[in-house]
Trainee: 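Sharing a structure below in structure tokens format, with a few things to ask.
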Protein chains: 2
Amino acid sequence: MLNHRRFPSLSSIRAFEAAARLGSFAKAAEELDTTAASVSYHVRRLEEQIGVRLFLRHAQRVELTESGELVAREAINAFATLRACFIKAADMDEGRLSLTTLPTLGTSWLTPKLGKFRTKHPEIVIDLDLSPDAQDLSSGRFDVAIRNGHGRWPGLRAIEMFPSIFMPLCAPALKDAAAGIADPRRQLDVPLLGRSDWWMRWYRALGFSDVVLPGSFGTHLSAEYLDIAAAVAGHGIAIGSPILFRNELETGRLVPAHDFVAGDGRSFWFTFPIARQNSSKIVKFRDWLSSEVERDRDAARSFIRRAAMVES
Amino acid sequence: MLNHRRFPSLSSIRAFEAAARLGSFAKAAEELDTTAASVSYHVRRLEEQIGVRLFLRHAQRVELTESGELVAREAINAFATLRACFIKAADMDEGRLSLTTLPTLGTSWLTPKLGKFRTKHPEIVIDLDLSPDAQDLSSGRFDVAIRNGHGRWPGLRAIEMFPSIFMPLCAPALKDAAAGIADPRRQLDVPLLGRSDWWMRWYRALGFSDVVLPGSFGTHLSAEYLDIAAAVAGHGIAIGSPILFRNELETGRLVPAHDFVAGDGRSFWFTFPIARQNSSKIVKFRDWLSSEVERDRDAARSFIRRAAMVES
DNA sequence: GTTGAGCATAAGTTTGGCTTAGCCTGCGGG
DNA sequence: CCCGCAGGCTAAGCCAAACTTATGCTCAAC
């Protein structure tokens with residue numbers, strides 16, 4: 001008799017379902033890619049577990065009992081439902097790509113381009129998360145990430161986009177006031193904005209090893225885009241990437257305050273779990289992103305070429 | 001990505017279903033009577049197989065993703081359907097007892113009593129099959145059988161009902177004409193009806209070893225009840241069981257043509273698969289049958305006591 | 001700060017389920 | 001009529017999936 005607490009073996013149910021649907025153990029075995037012996041065994045097992053005879057065995061064929069018919073109807077239905085919902089879930093999942101990236105890159109570089117992706121792949125919605133610290137891709141909250149670092153993350157595939165480089169940028173009106181920027185001992189009339197560690201690196205790349213920067217930087221790391229906005233507004237000289245802020249440079253809202261470009265040896269990487277490298281939405285985004293990166297890297301190649309790397 | 005041909009592992013689906021329904025891997029593990037590690041493993045596996053993240057892992061809890069919610073709804077539903085239909089099938093099965101027996105016993109002895117069983121257990125429908133040869137109980141076509149034999153059938157439990165005995169029976173009007181029945185050399189005015197092998201045994205039990213019976217018995221084995229009907233109609237002397245035809249004897253429609261009773265050493269047995277001895281419908285029928293047998297055996301005890309057994 | 005709940009991961013072990021091999025039965029064609 | 005074949009059953013042995021054990025980690029509660 002049926003023990004109401006315990007569920008019968010699922011393999012047995014599957015075997016029964018196929019046998020009932022196809023009306024033959026042999027055909028079921030073929031569909032399940034196994035042997036008739038296995039199907040026979042499982043059907044018998046199921047019958048023992050629920051205490052009900054499901055098939056009548058005749059010499060060359062099997063026939064469902066009345067109870068068998070009932071169970072078959074429901075089981076076939078249940079399996080079809082499951083099959084369908086996995087496919088549906090996969091489709092739904094394919095239609096939403098969730099991406100986490102650094103606020104600066106997201107705000108200044110990525111967001112303006114996303115419209116083009118949407119036009120090219122209208123079936124995919126991008127779900128963008130901007131957070132300063134690297135989110136764990138293995139948690140599944142995000143499909144892909146754009147990260148800054150050295151490109152080695154266990155379990156993740158990392159595709160290099162462009163190097164992390166920076167140079168002093170200012171509004172054209174401040175260009176003259178910034179003339180002495182290359183000498184850290186001179187006191188400028190305009191404040192320096194942006195990440196102090198980058199300023200240090202930039203000066204070190206110029207040959208000044210123990211620069212003491214004026215205080216009042218007043219910014220968080222990773223909020224450079226706010227400082228860039230301030231620089232555009234003429235409030236000082238910011239340090240930032242000529243690649244990320246190519247648009248500001250090309251439109252003349254910013255100009256280099258000095259031509260020297262430094263880098264920290266790190267890069268921006270497009271990353272995703274190796275296990276998901278064949279996911280079609282990831283492939284689509286990756287391909288699109290690569291072409292965008294290609295164009296930008298090309299446009300910024302002079303900056304990249306002359307960047308002086310400073311190891312930490 | 002989901003391979004549309006192959007179904008994901010069912011154990012994984014079950015683990016996921018329980019986890020989704022209970023909102024916790026630990027609770028799911030408890031319900032499935034396994035460990036949290038197993039549930040965790042299976043959910044991860046399912047996600048890999050269908051290529052869709054179903055749960056978001058947080059430190060102390062898990063949360064369904066959007067796709068997870070969809071799959072969960074369907075899976076919970078599918079499992080509930082399955083669970084329900086097995087129970088329903090068991091119930092349906094419990095409500096119908098199918099019994100195969102010999103035509104004589106079924107017609108003359110069992111059928112008149114079945115009304116009482118129906119009254120006592122209105123929830124069980126008896127599905128009666130009368131066939132001269134023993135049906136295979138292991139095929140599942142029948143739940144129980146009443147058989148004639150020596151009580152040893154592999155895999156079957158056999159409960160003895162009463163011995164297979166027989167004596168000459170005739171209509172009261174023929175009693176005088178049957179006076180010389182005990183001497184096979186005398187030619188009677190009335191024909192002998194019924195199984196010739198039983199007549200032979202009966203005479204052998206009386207001490208006549210090589211009896212030559214008159215021809216024209218014109219009956220099949222196992223169709224004694226037809227001959228008994230003929231005897232009731234006064235067409236001859238039949239040989240049959242005083243237990244099975246107790247009713248005819250008690251109402252006076254038949255009388256013993258001679259008081260000698262023979263047996264063949266066999267009995268009628270109530271049998272069913274050992275594996276099913278706890279099936280409640282079988283227990284109910286068995287208990288009812290036993291009480292009926294008890295009463296009949298009691299009423300027929302004088303016939304049974306004096307039956308002379310003749311080994312084949 | 002300590003404890004406990006909840007999930008993940010690794011490694012070792014068991015057992016369910018598969019395969020192989022052989023048998024039986026009935027059908028159909030030579 | 002007989003033999004081959006199709007379809008199902010059973011037994012025995014093997015293997016990988018799935019389970020257990022053990023440990024670690026994180027957060028929440030006291």
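Because only heavy atoms are used, hydrogens play no part in the values below, and waters and symmetry mates are left out as well, while side chains stay in. Here is how names work: the chains are called A, B, and so on, in the same order as the sequence lines, proteins then strands, and each is numbered from 1.
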Trainee: Which residues satisfy the side-chain contact (heavy atoms from CB on, under 4.5 Å) test with Ala20(B), sequence neighbours excluded?
Mentor: Phe16(B), Phe55(B), Leu64(B), Ala72(B)

Trainee: So Phe270(A) and Phe285(A), ring-ring contact (aromatic ring centres under 6.0 Å, His included) or not? Walk me through it.
Mentor: CA-CA 10 Å; Phe270(A) 174 62; Phe285(A) 189 80; 5.6 Å; yes

Trainee: Suppose we screen for salt bridge (Lys or Arg N to Asp or Glu O under 4.0 Å). Which residues come up paired with Arg96(A), at least two apart in sequence or across chains?
Mentor: Asp127(A)

Trainee: Looking at residues at least two apart in the chain, or sitting in another chain, which of them share a salt bridge (Lys or Arg N to Asp or Glu O under 4.0 Å) with Glu63(A)?
Mentor: none

Trainee: Measure the distance from CZ on Arg53(B) to P on dC7(C) and round it to the nearest whole Å.
Mentor: 15 Å

Trainee: Whole-Å distance between dG7(D) P and Leu22(A) CG?
Mentor: 13 Å

Trainee: Can you tell me the distance, in whole Å, between the CZ atom of Phe16(A) and the C1' atom of dG8(D)?
Mentor: 17 Å

Trainee: If the sugar-phosphate is the primed atoms plus P, OP1 and OP2 and the base is the rest, what is the B/S/- string for nucleotides 11-20 of chain D, using protein heavy atoms under 4.0 Å?
Mentor: -------SSB

Trainee: Dump the pairs, protein N or O against N or O of nucleotides 24-27 of chain D, anything under 3.5 Å, distances to one decimal.
Mentor:
| unit_1 | atom_1 | unit_2 | atom_2 | d |
| --- | --- | --- | --- | --- |
| dT26(D) | O2 | Gln60(B) | OE1 | 3.4 |
| dC27(D) | O2 | Gln60(B) | OE1 | 3.0 |
| dC27(D) | O2 | Gln60(B) | NE2 | 3.3 |

Trainee: I want to check one thing: is the phosphate of dG7(D), taken as OP1 and OP2, less than 4.0 Å away from some side-chain N or O of Ser24(A)?
Mentor: no

Trainee: Which is true for Ala36(A) with a 4.0 Å heavy-atom rule: it touches a base, it touches only sugar-phosphate, or it touches nothing?
Mentor: nothing

Trainee: Sequence neighbours left out, what pairs pass ring-ring contact (aromatic ring centres under 6.0 Å, His included) with at least one residue falling in residues 61-84 of chain A?
Mentor: Phe79(A)-Phe7(B)

Trainee: Go through the structure and list residues passing salt bridge (Lys or Arg N to Asp or Glu O under 4.0 Å) with Glu69(A), not counting sequence neighbours.
Mentor: none

Trainee: Are Lys281(A) and Asp93(A) within salt-bridge range, i.e. N to O under 4.0 Å?
Mentor: yes

Trainee: Report the residues that fulfil side chain to side chain donor-acceptor pair (under 3.5 Å) with Arg21(B), sequence neighbours left out, ordered by chain and then residue number.
Mentor: Glu17(B), Glu31(B)

Trainee: Of the listed nucleotides (dC7(C), dC9(D), dG8(D)), which one gets closest to any side-chain atom of Arg44(A)?
Mentor: dC9(D)

Trainee: Whole Å only: how far is the CD atom of Glu30(A) from the P atom of dA6(D)?
Mentor: 13 Å

Trainee: With sequence neighbours excluded, tell me which residues meet salt bridge (Lys or Arg N to Asp or Glu O under 4.0 Å) with Glu74(A).
Mentor: Lys88(B)

Trainee: Starting at CZ of Phe25(A) and ending at C1' of dT25(C), how long is that distance when rounded to a whole Å?
Mentor: 16 Å

